[in-house]
Every structure is written in C-alpha cells, then in structure tokens.
Amino acid sequence: MVRFILPAILLLGGASALSADTKGYQARQEAKDKIDLDKQLAGLVPGKPQACIDPIRYRESTRVGDTILYKNGRNDVMRNDTGGGCFGLRRGDAIVTNTFGSQLCRGDIVRTVDLVSRVPSGSCVFSDFTPYRKP
C-alpha cells in the first residue's frame, strides 16, 4: 500500500510546485512584455484608435506578448492588443489573417501557425488599432 501512496503524494506535491511557479513565470513574462512594449513605443504619442488600417502601408510587424505592432518606419506604428488566444505570437509563429476586404479591421480573425509543422497554434481577433506617431 505504501508503494502506491508515496508516489501519489510526491506526484501531487510536484504538480502543486509547478503550478505555483507557472504563476510567477506569467508575472515575470508580463513585466518583460511591458518593458519591451515601452521600449518599442518610446518617443511616440498615441492617437485616436481606428477601426481599420491599410496593410500595404504597414508592412513590418513585431509581436510583444498579445500585442501586434504594425510599423511604417520608426515614427509610425499601429498597436493592436489582440486580447489573447494567439498563443503562437510569443513563440514567433506566422500570423495569418482572414480579411474581408483590402484592409485589416477590428473583428478580423488572426491565426498563428507553427512555421515548421504548419499546425495552427492559436487564434484571436483584432481590436482597434491605436496609432503611435512622433510628436
């Protein structure tokens, strides 16, 4: 009987230790994302949020946590906070958008796809695009 109880107790203790560390990891990752986002947007001033952007104008994208930054040079950045669900953003997976027209708009579905296996790794929805520009 002891052969079964002791491993079960050790397994439960290890699982609880891992879940406690996961919360600490998430907090550290969110703090790191905030620092990185502040660095990316340093010197830029937020403008009035927009529902859509022209993807031809914003060809470069950067990911910071659940946020996608579309860039047109250093002084013109559009920020979109996806609200989560695109788990592959943090890993650098490919961004695939389903658009219904020539623009990226609030409510468009964003999917992330693993570049090696081509397996979808998450999906989320665009929110409003907030412009950040040099004053």
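Quick note: numbers below take in every heavy atom, side chains included, and nothing from hydrogens, waters or symmetry partners.
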K.L.:
Hydrophobic clustering (ILVMFWY, side-chain heavy atoms < 4.5 Å, transitive) - are Tyr58 and Leu41 grouped together?
P.N.:
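In one cluster with Leu41: Tyr58, no.
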K.L.:
What's the separation between atom CE in Met78 and atom NZ in Lys71, rounded to the nearest 0.5 Å?
P.N.:
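Going from the CE atom of Met78 to the NZ atom of Lys71 covers 14.5 Å.
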K.L.:
Taking all atoms of both residues into account, what is the closest heavy-atom pair of Gln50 and Pro131, and its distance?
P.N.:
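Closest pair (atom of Gln50, atom of Pro131, distance): NE2-CG, 4.1 Å.
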K.L.:
Tell me whether Arg91 contacts the main-chain N or O of Gly88 through its side chain, where contact means a donor paired with an acceptor under 3.5 Å.
P.N.:
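No: the side chain of Arg91 does not pair with the backbone of Gly88.
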K.L.:
Measuring from Cys124:SG to Arg111:CZ, what's the distance to the nearest 0.5 Å?
P.N.:
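Answer rounded to 0.5 Å: 11.0 Å.
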K.L.:
For a side-chain contact (heavy atoms from CB on, under 4.5 Å) check, start with the C-alpha distance between Val110 and Val96, then their side-chain angles and the critical distance, and finish with the verdict.
P.N.:
CA-CA 6 Å; Val110 180; Val96 180; over 6 Å; no
K.L.:
If you count every heavy atom of other residues, nucleotides or ligands that lies below 6.0 Å from Arg59 atom CZ, does the total exceed 12?
P.N.:
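No - once you tally the heavy atoms of other residues, nucleotides and ligands closer than 6.0 Å, there are 12 at most.
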K.L.:
Nearest heavy-atom pair of Ile95 and Ser61: which atoms, and what distance?
P.N.:
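Closest pair (atom of Ile95, atom of Ser61, distance): CD1-OG, 4.3 Å.
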K.L.:
Please tell me if the side chains of Phe126 and Thr97 come closer than 4.5 Å, counting only heavy atoms from C-beta onward.
P.N.:
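Side chain of Phe126 against side chain of Thr97, heavy atoms only: contact under 4.5 Å found.
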K.L.:
Counting only heavy atoms from other residues, nucleotides and ligands, does the tally under 6.0 Å from CZ of Phe87 exceed 12?
P.N.:
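Count not over threshold, so no.
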K.L.:
Could you check Lys32 against Asp36 for salt bridge (Lys or Arg N to Asp or Glu O under 4.0 Å), going step by step and ending with a plain yes or no?
P.N.:
CA-CA 6 Å; Lys32 181 182 171 208; Asp36 192 20; over 6 Å; no
K.L.:
Determine the minimum heavy-atom distance between Leu104 and Phe129, stating which atoms define it.
P.N.:
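In this case the closest contact between Leu104 and Phe129 is O-CE1, 3.5 Å.
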K.L.:
Kindly indicate, with the supporting measurements, whether the criterion side-chain contact (heavy atoms from CB on, under 4.5 Å) is fulfilled by Val45 and Tyr132.
P.N.:
CA-CA 5 Å; Val45 177; Tyr132 282 79; over 6 Å; no
K.L.:
CZ of Arg133 to CG of Asn75: how many Å apart, nearest 0.5 Å?
P.N.:
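Atom-to-atom, Arg133:CZ and Asn75:CG are 10.5 Å apart.
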K.L.:
Taking atom CD1 of Ile35 and atom CD of Gln40, what is their separation to the nearest 0.5 Å?
P.N.:
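Going from the CD1 atom of Ile35 to the CD atom of Gln40 covers 13.0 Å.
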K.L.:
With a 3.5 Å cut-off and no angle check, do the side chains of Ser127 and Asp81 form a donor-acceptor pair?
P.N.:
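No, no side-chain donor-acceptor pair sits under 3.5 Å.
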K.L.:
Can you tell me how far CG of Leu37 sits from CD of Glu30, rounded to the nearest 0.5 angstrom?
P.N.:
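So the gap between those two atoms works out to 12.5 Å.
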K.L.:
Salt bridge check: are Asp66 and Arg90 linked by an N-O gap of less than 4.0 Å?
P.N.:
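Here Asp66 does not pair with Arg90 in a salt bridge, since their nearest N and O are not under 4.0 Å apart.
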K.L.:
Measure the spacing between CG of Asp128 and CZ of Arg106 and express it to the nearest 0.5 Å.
P.N.:
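Taking CG in Asp128 and CZ in Arg106, the distance rounds to 4.5 Å.
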K.L.:
Going by the side chain to side chain contact (heavy atoms under 4.5 Å, CB included) test, name the single residue among Thr62, Asn72, Thr130, Leu69 that passes it with Val77.
P.N.:
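Among the candidates, only Leu69 passes.
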K.L.:
Checking Ser121 against Asp93: is there a side-chain donor and acceptor pair closer than 3.5 Å?
P.N.:
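Their side chains do contain a donor-acceptor pair, which is all the 3.5 Å distance test asks for.
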K.L.:
Can a salt bridge be assigned to the pair Asp76 and Arg57 using a cut-off of 4.0 Å between side-chain N and carboxylate O?
P.N.:
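Yes, this pair counts.
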K.L.:
Treating Thr112 as the side-chain partner and Gly122 as the backbone partner, does any N or O pair qualify as donor plus acceptor under 3.5 Å?
P.N.:
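Checking the backbone N and O of Gly122 against the side chain of Thr112, a donor-acceptor pair under 3.5 Å is found.
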K.L.:
I need the minimum non-hydrogen distance between Cys52 and Gln103, along with the two atoms involved.
P.N.:
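Smallest heavy-atom distance, with atoms named: CB-OE1, 3.3 Å.
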K.L.:
Show, in sequence, the C-alpha distance, side-chain angles and deciding distance for Ile68 and Thr82, and conclude whether the side-chain contact (heavy atoms from CB on, under 4.5 Å) test is met.
P.N.:
CA-CA 7 Å; Ile68 303 173; Thr82 62; 3.9 Å; yes
K.L.:
Specify the closest pair of heavy atoms between Ser102 and Pro55, including all atoms of both residues, with the distance to one decimal.
P.N.:
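Shortest heavy-atom separation between Ser102 and Pro55 comes out as O-CD, 3.2 Å.
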